[in-house]
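As the structure is a computational prediction, the values presented were derived from the model and not from experiment. The chains referred to below are lettered A, B, ... by the order of the sequence lines, with proteins before strands, and numbering in each begins at 1.
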There are 2 protein chains.
Amino acid sequence: MSRITALTVRQEARRRRILDASTRLAAGGGFDAVQMREVAEESGVALGTLYRYFPSKIHLLVAVMQDQLGQLHDTLRDRPLTASSPGERVAETLLRAFRALQREPLLADAMVRAVIFADRSVRAEVDTVSVLTRAIILDAMRLGAEPSPDLLSAIRVVEHTWHATLVSWLADRSPVDQVREDLRTACRLIPPGLPG
Amino acid sequence: MSRITALTVRQEARRRRILDASTRLAAGGGFDAVQMREVAEESGVALGTLYRYFPSKIHLLVAVMQDQLGQLHDTLRDRPLTASSPGERVAETLLRAFRALQREPLLADAMVRAVIFADRSVRAEVDTVSVLTRAIILDAMRLGAEPSPDLLSAIRVVEHTWHATLVSWLADRSPVDQVREDLRTACRLIPPGLPG
DNA sequence: ATCGAGTCTGAAACTTGTTCTAGATTAGCG
DNA sequence: CGCTAATCTAGAACAAGTTTCAGACTCGAT
């Protein structure tokens, strides 16, 4: 039994080292700087092992995104939101998240481009990212009841806008102010009342 | 003088052959099937020449997108829109465009993934795509005056939703009906009156 | 008709993501 | 402890995007 644990522990540690190395490399040079050989070397793992843990560079970076989203979710949970309507709270939350990304733009580059470039083979992992993102948005809304289909669609549009504005910002095609404005605009789709 | 024309004509022809070959390959197998060596061979051009015309695979596919958007714009111009409000006309237009993409999903895959994956080095070309897309949206709105900043932001959100829903659809993470619903939802941001 | 600049070709080389292999190590079991 | 399967390692090999280079060709001008 202790051996099972030991195995899992070592493997868990390997996985962590890989994710940390990737995060570090990404923060240092963006998507292109995360090179599989270097990730393997930095995390003290053979290339083949890296590929056993993460079947592609995209899988790896999507996992980094999951990791970061989890941390973000925790951070956001601590600080209360001040806005009074659900839409405004969502906007506030996204602007906070955006501020966090601005601190590590190259890390954001690596993660966001991986998520949007991901194809069918990464479906499950990207879905997880989507669920996490939506959880953050729903948290901010503080709904009393199940969201209606219309509201769900509005939330998806907010999420889409979130991704696409980031892409546009990362490629230097949208200034920061425009990103902020567009995020707020998208949040106007969320009705001010607290619908179920 | 005739020589200048002759040169330009031959070069124009080469460029066209390259774009056509890329389009064909993309339609046949999506982003991955557009392989630079094969594009070069199919268009009867050396690899180095291909790279002289289009400095990267992304540049090439973004040019294909420009090409297709131009054709789409022409097609759309012919058939009149029936909806009465600007937002509904935009929705109608995007749904038509989406229907067109559904006919060639693999071509859509190649183009859309190139556009969203493009980095700073492709800024100018992607901006052109953005301008073309916005022109299609603005055409559908039939504005009487210059759009206000708020309206411009709403249009950008519609455009962002357009891109992100496509990405999600292409990766098999959103069903067609959801794409349609979300496009309509985003278009609700465009006010029913005809604001300047 | 010929020259010089710019362009095109064909092929090799380089980079980085991905796969494969043979042998060492580790885990869990009897 | 000793066995077996799974895992890990080092390193070669492969695939596709990109770069490079020497030589041939084309253009436009003289």
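- Between B/Tyr53 atom OH and D/dT19 atom C1' there is a gap of 19 Å when expressed in whole angstrom units.
- Residues passing the salt bridge (charged side-chain N to carboxylate O under 4.0 Å, His left out) test with B/Arg96, sequence neighbours excluded: B/Glu92.
- The stretch residues 26-35 of chain B touches DNA chain D through B/Val34, B/Gln35, each having a heavy atom within less than 4.0 Å of the strand.
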**Request:** Show your working on side-chain contact (heavy atoms from CB on, under 4.5 Å) between B/Arg113 and A/Ile116 and close with a plain yes or no.
**Result:** CA-CA 8 Å; B/Arg113 287 172 76 195; A/Ile116 60 170; over 6 Å; no

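- Distance, B/Lys57 NZ to C/dT16 P: 17 Å, rounded to whole Å.
- Taking Ile, Leu, Val, Met, Phe, Trp and Tyr as hydrophobic and joining them when side-chain heavy atoms fall under 4.5 Å apart, one finds A/Leu189 in a cluster with A/Val157, B/Val157, B/Leu189.
- B/Leu166 and B/Leu101 get closest at one heavy-atom pair: CD1-CD1, 3.7 Å.
- Donor-acceptor pairing under 3.5 Å is recorded for the side chains of B/Ser130 and B/Arg134.
- For residues 35-48 of chain B, every residue pair satisfying the side chain to side chain donor-acceptor pair (under 3.5 Å) rule, not counting sequence neighbours, is listed here: B/Arg24-B/Glu42.
- With sequence neighbours excluded, the residues that form a side chain to side chain contact (heavy atoms under 4.5 Å, CB included) with A/Thr75 are A/Arg79.
- Residue A/Gln11 has its side chain nearest to D/dC8 when only D/dC27, D/dC8, D/dT18 are considered.
- A donor-acceptor contact closer than 3.5 angstrom is absent between the side chains of A/Asp150 and A/Ser148.
- Taking every heavy atom of residues 37-46 of chain B and every atom of DNA chain C, pairs under 4.0 Å involve B/Arg37, B/Gly44, B/Val45, B/Ala46, by number.
- In this structure, the ring pair (Phe, Tyr, Trp, His ring centres under 6.0 Å) partners of B/Trp169, at least two apart in sequence or on a different chain, are B/Phe98.
- Within the nucleic acid shown, A/Phe54 has no heavy atom closer than 4.0 Å to any nucleic acid atom.
- Rounded to a whole Å, the CG atom of B/Leu50 is 12 Å from the C1' atom of C/dC8.
- For the ring pair (Phe, Tyr, Trp, His ring centres under 6.0 Å) test, residues two or more places apart in sequence or in another chain that qualify with B/Phe31 are A/Phe117.
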Return the polar atom pairs (N/O with N/O) between nucleotides 19-25 of chain C and the protein under 3.5 Å, or none.
none

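- Counting all heavy atoms, side chain and backbone alike, A/Leu61 lies closest to A/Ala110 at CD1-O, 3.8 Å.
- Contacts classified as side chain to side chain donor-acceptor pair (under 3.5 Å) and involving residues 183-192 of chain B (residues at least two apart or in different chains) are given here: A/Ser153-B/Thr185.
- Atom CG in B/Leu60 sits roughly 10 Å away from atom P in D/dG17 (whole-Å rounding).
- Distance, A/Arg15 CZ to D/dT7 P: 15 Å, rounded to whole Å.
- Within residues 112-129 of chain A, no residue approaches DNA chain D, by heavy-atom distance under 4.0 Å.
- Atom CZ in B/Arg52 sits roughly 10 Å away from atom P in C/dG6 (whole-Å rounding).
- Rounding to whole angstrom units, CG of residue A/Leu61 and P of C/dT18 are separated by 10 Å.
- Using a 4.0 Å cut-off between charged nitrogen and carboxylate oxygen, B/Asp177 and B/Arg180 count as a salt-bridge pair.
- Pairs of residues two or more places apart, or lying in two chains, that qualify as side chain to side chain donor-acceptor pair (under 3.5 Å) and include a residue from residues 62-72 of chain A are A/Arg16-A/Asp67.
- Going from atom CE of B/Met36 over to atom P of C/dA13 covers 21 Å, rounded to whole Å.
- For B/Arg10 and D/dC27, the shortest distance from a side-chain N or O to OP1 or OP2 is below 4.0 Å.
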